[in-house]
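Remarks on the structure that follows.
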Amino acid sequence: MLDNPTHESVAASHAVPEPAPEEAVQLEQLYKDFGKENLVPLWTEIGDLMPMVPTPKAVPHVWRWNDLYPLAARAGDLVPVGRGGERRAIALANPGLAGTPYATPTLWAAIQYLGGRETAPEHRHSQNAFRFVVEGEGVWTVVNGDPVRMSRGDFLLTPGWNFHGHHNDTDEPMAWIDGLDIPFVHYADAGFFEFGTERVTDEATPGISRSERLWAHPGLRPLSGLDDTTSSPIAAYRWTHTDAALTEQLLLEDEGHPATVSQGHAAVRFTNPTTGGDVMPTIRAEFHRLRPGAGTDTVHEVGSSVWQVFEGTGTVVLNGETKHLAKGDLFVVPSWAAWSLHADTGFDLFRFSDAPIFERLNFNRTYTEGRTK
């Protein structure tokens, strides 16, 4: 836990006296000379560069699925999928980030829409990506030639530098959310992109991908794949397994087993079976389930996250402002913003965050309101 001091209390105790008139003239010239040499003195910037607590430009915000999906459908009628634009993906632009197409300074989120019988061409990039399906089916994403079925509740991976494309095998459109580390890679000047074939390499429609057949057996890993990998080799984490894990946590709570859930709040983290760590080096993914009437503590965390409601209704309190949520709605929690959840009905939510980055750098911090240190 960390104390959460205010800027005002600290600034009041460190007031700088006004310079004498002669010194003021000399200081003005000094600052002009700094500028000529492309120099900036720390003492004029320290409040912005080293705040007492994080002060993100990103702001908490909610996007409504009932607004997003019709807009995506209109784009489906007007905007083709093909080389150049590559994907019919519409990014969530945080209102605090000056028009950049980023949900947070490190995370990119979008709704992607693929019409009936459409194919999104193959490409690859250094950015890590995933897909989460809140509704619909009929699309296969092909990752390095392995066709992976996309269905409601599935969490699907496309780690960096893996070729991937999508094809819709039905007459009906389908939409899902994409999550990537595009802003982080962009700021680090680490981005690469490469076109693949004009169409995905395999338009087969198997029920289970080859990667699942090899890797998606609980507690077991093939002896042919003992090397740890930075990203999970599992292409799809199926809703059937996620749902069962959350259900069993709550059943164990009913049976009185300690430390299984937190007062009607069950949660799981998707993991890399070769390391036990996060599914990708820059992105953490979780699924949360709250019983009707259950709620969470109010938490501040370094790093940011994006949530999507999978099922049910409830509220999120973001920096003291209550927002009602329904199926498909997305919201963003910037670094150190206060957040808490409350369920009206049973409440299922998918979450992804940049936590692996901050943990590896030892910048991760958490403060829970109302608890003693």
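Values in this document were obtained by computation on a predicted structure and should not be read as measured data.
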When clusters are formed by joining ILVMFWY residues with side-chain heavy atoms under 4.5 Å apart, either directly or through shared neighbours, do [X] and [Y] land in the same one?
| X | Y | result |
| --- | --- | --- |
| Leu341 | Leu318 | yes |
| Phe163 | Val142 | no |
| Trp336 | Ile357 | yes |
| Val316 | Val333 | yes |
| Trp339 | Val62 | yes |

Under 3.5 Å, which donor-acceptor pairs do the side chains of residues 29-40 form with other protein atoms, sequence neighbours left out?
{"residue": "Gln29", "atom": "NE2", "partner": "Asp33", "partner atom": "OD1", "Å": "3.0"}
{"residue": "Tyr31", "atom": "OH", "partner": "Trp43", "partner atom": "NE1", "Å": "3.0"}

In sequence, state the C-alpha distance, the side-chain angles, and the governing distance for Glu369 and His300, and then conclude on side chain to side chain contact (heavy atoms under 4.5 Å, CB included).
CA-CA 8 Å; Glu369 294 183 13; His300 304 249; 2.7 Å; yes

Side-chain donor-acceptor pair present, Gln263, His265, cut-off under 3.5 Å:
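No pair is found: no donor N or O on one side chain lies under 3.5 Å from an acceptor on the other.
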
His166-Thr141 side chain donor-acceptor pair, cut-off 3.5 Å:
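Present: a donor and an acceptor within the cut-off.
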
Residue pair [X] / [Y]: nearest heavy atoms and the distance that separates them:
| X | Y | value |
| --- | --- | --- |
| Phe310 | Val134 | CE1-O, 3.8 Å |
| Gly96 | Val59 | N-CG2, 3.8 Å |
| Thr275 | Asp228 | CG2-CB, 3.7 Å |
| Ala338 | Thr298 | CB-CG2, 3.9 Å |
| Gly165 | Arg87 | CA-NH2, 3.8 Å |
| Ser151 | Val133 | O-CB, 3.3 Å |

Determine whether Glu135 and Arg152 satisfy the following criterion, salt bridge (Lys or Arg N to Asp or Glu O under 4.0 Å), listing intermediate values before the conclusion.
CA-CA 5 Å; Glu135 62 184 15; Arg152 173 169 158 77; 6.0 Å; no

Is the positively charged end of Arg269 above the ring of Phe287, judged by distance under 6.0 angstrom from the centroid and angle within 45° of the axis?
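Pair Arg269/Phe287 does not count as cation-pi.
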
Under 3.5 Å: donor-acceptor pair, side chain of [X], backbone of [Y]:
| X | Y | result |
| --- | --- | --- |
| Asp329 | Ala326 | yes |
| Arg221 | Leu226 | yes |
| Glu253 | Gly264 | yes |
| Asn168 | Thr170 | yes |
| Asp171 | Gly116 | no |
| Glu122 | Thr197 | yes |

Under the ring-ring contact (aromatic ring centres under 6.0 Å, His included) test against Phe155, which residue among Phe130, Phe132, Phe352 passes?
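The option that passes is Phe130.
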
Is the shortest heavy-atom distance from the side chain of [X] to the side chain of [Y] under 4.5 Å?
| X | Y | result |
| --- | --- | --- |
| Glu118 | Arg88 | yes |
| Pro105 | Leu97 | yes |
| Met174 | Met150 | yes |
| Pro121 | Glu86 | yes |
| Thr313 | His324 | no |
| Leu157 | Ile234 | no |
| Trp161 | Ser231 | no |
| Gln308 | Phe331 | no |

Measuring from Thr158:OG1 to Met280:CE, what's the distance to the nearest 0.5 Å?
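Separation between the atoms: 7.5 Å.
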
Quick one: CD on Glu301 to OG on Ser353, what's the gap to the nearest 0.5 Å?
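With rounding to 0.5 Å, CD (Glu301) is 7.5 Å from OG (Ser353).
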
Distance-only check: which donor-acceptor pairs under 3.5 Å involve side-chain atoms of residues 235-252, not counting sequence neighbours?
{"residue": "Tyr237", "atom": "OH", "partner": "Ser232", "partner atom": "OG", "Å": "2.5"}
{"residue": "Tyr237", "atom": "OH", "partner": "Thr271", "partner atom": "O", "Å": "2.7"}
{"residue": "Arg238", "atom": "NE", "partner": "Glu212", "partner atom": "OE1", "Å": "2.8"}
{"residue": "Arg238", "atom": "NH1", "partner": "Arg149", "partner atom": "O", "Å": "2.6"}
{"residue": "Arg238", "atom": "NH1", "partner": "Asp154", "partner atom": "OD2", "Å": "2.5"}
{"residue": "Arg238", "atom": "NH2", "partner": "Arg149", "partner atom": "O", "Å": "3.2"}
{"residue": "Arg238", "atom": "NH2", "partner": "Glu212", "partner atom": "OE2", "Å": "2.8"}
{"residue": "Thr242", "atom": "OG1", "partner": "Arg238", "partner atom": "O", "Å": "3.4"}
{"residue": "Asp243", "atom": "OD1", "partner": "Arg289", "partner atom": "NH1", "Å": "3.2"}
{"residue": "Asp243", "atom": "OD1", "partner": "Arg289", "partner atom": "NH2", "Å": "2.6"}
{"residue": "Thr247", "atom": "OG1", "partner": "Asp243", "partner atom": "O", "Å": "2.8"}
{"residue": "Thr247", "atom": "OG1", "partner": "Arg289", "partner atom": "NH1", "Å": "3.0"}
{"residue": "Gln249", "atom": "OE1", "partner": "Ala267", "partner atom": "N", "Å": "3.2"}
{"residue": "Gln249", "atom": "NE2", "partner": "Ala267", "partner atom": "O", "Å": "2.8"}

Using the test side chain to side chain contact (heavy atoms under 4.5 Å, CB included), find all partners of Thr229 that sit at least two apart in sequence or belong to another chain.
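Side chain to side chain contact (heavy atoms under 4.5 Å, CB included) list for Thr229, sorted by chain: Pro233, Asn272, Thr274.
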
Taking it one step at a time, do Leu349 and Phe347 satisfy side chain to side chain contact (heavy atoms under 4.5 Å, CB included)?
CA-CA 7 Å; Leu349 302 100; Phe347 204 27; 3.7 Å; yes

Would Arg117 and Glu172 count as a salt bridge (Lys or Arg N to Asp or Glu O under 4.0 Å) here? Give the steps.
CA-CA 8 Å; Arg117 305 296 170 181; Glu172 299 299 320; over 6 Å; no

Distance-only donor-acceptor hits, side chain of residues 178-193, under 3.5 Å, sequence neighbours excluded:
{"residue": "Asp178", "atom": "OD1", "partner": "Gln112", "partner atom": "NE2", "Å": "3.4"}
{"residue": "Asp178", "atom": "OD1", "partner": "Arg131", "partner atom": "NH1", "Å": "3.0"}
{"residue": "Asp178", "atom": "OD1", "partner": "Trp176", "partner atom": "NE1", "Å": "2.8"}
{"residue": "Asp178", "atom": "OD2", "partner": "Gln112", "partner atom": "NE2", "Å": "2.4"}
{"residue": "Asp181", "atom": "OD1", "partner": "Asn128", "partner atom": "N", "Å": "2.9"}
{"residue": "Asp181", "atom": "OD2", "partner": "Asn128", "partner atom": "ND2", "Å": "2.9"}
{"residue": "Asp181", "atom": "OD2", "partner": "Thr282", "partner atom": "OG1", "Å": "2.5"}

Test Trp63 against Ile111 for side chain to side chain contact (heavy atoms under 4.5 Å, CB included), laying out the working first.
CA-CA 11 Å; Trp63 291 265; Ile111 178 173; over 6 Å; no

State yes or no: are the ring centers of His217 and Trp215 separated by less than 6.0 Å?
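Judged by ring-centre distance (under 6.0 Å), His217 and Trp215 do not meet the cut-off.
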
Of all residues at least two apart in sequence or in a different chain, which pass the side-chain hydrogen bond (donor to acceptor under 3.5 Å, both in side chains) check with Glu359?
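If we apply the side-chain hydrogen bond (donor to acceptor under 3.5 Å, both in side chains) test to Glu359, skipping adjacent residues, the hits are Arg284.
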
Pair Lys327 + Asp348, salt bridge at N-O below 4.0 Å:
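Looking at Lys327 and Asp348, the cut-off is not met.
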
Run the ring pair (Phe, Tyr, Trp, His ring centres under 6.0 Å) check on His125 and His164 step by step: do they pass?
CA-CA 9 Å; His125 40 71; His164 56 284; 4.9 Å; yes

Please list all pairs meeting side-chain hydrogen bond (donor to acceptor under 3.5 Å, both in side chains) that have one or both residues in residues 89-108, counting only residues at least two apart or in different chains.
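Checked against side-chain hydrogen bond (donor to acceptor under 3.5 Å, both in side chains) - neighbours excluded - the pairs reaching residues 89-108 are Thr104-Thr106, Thr104-Ser304, Thr106-Ser304, Thr106-Asp354.
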
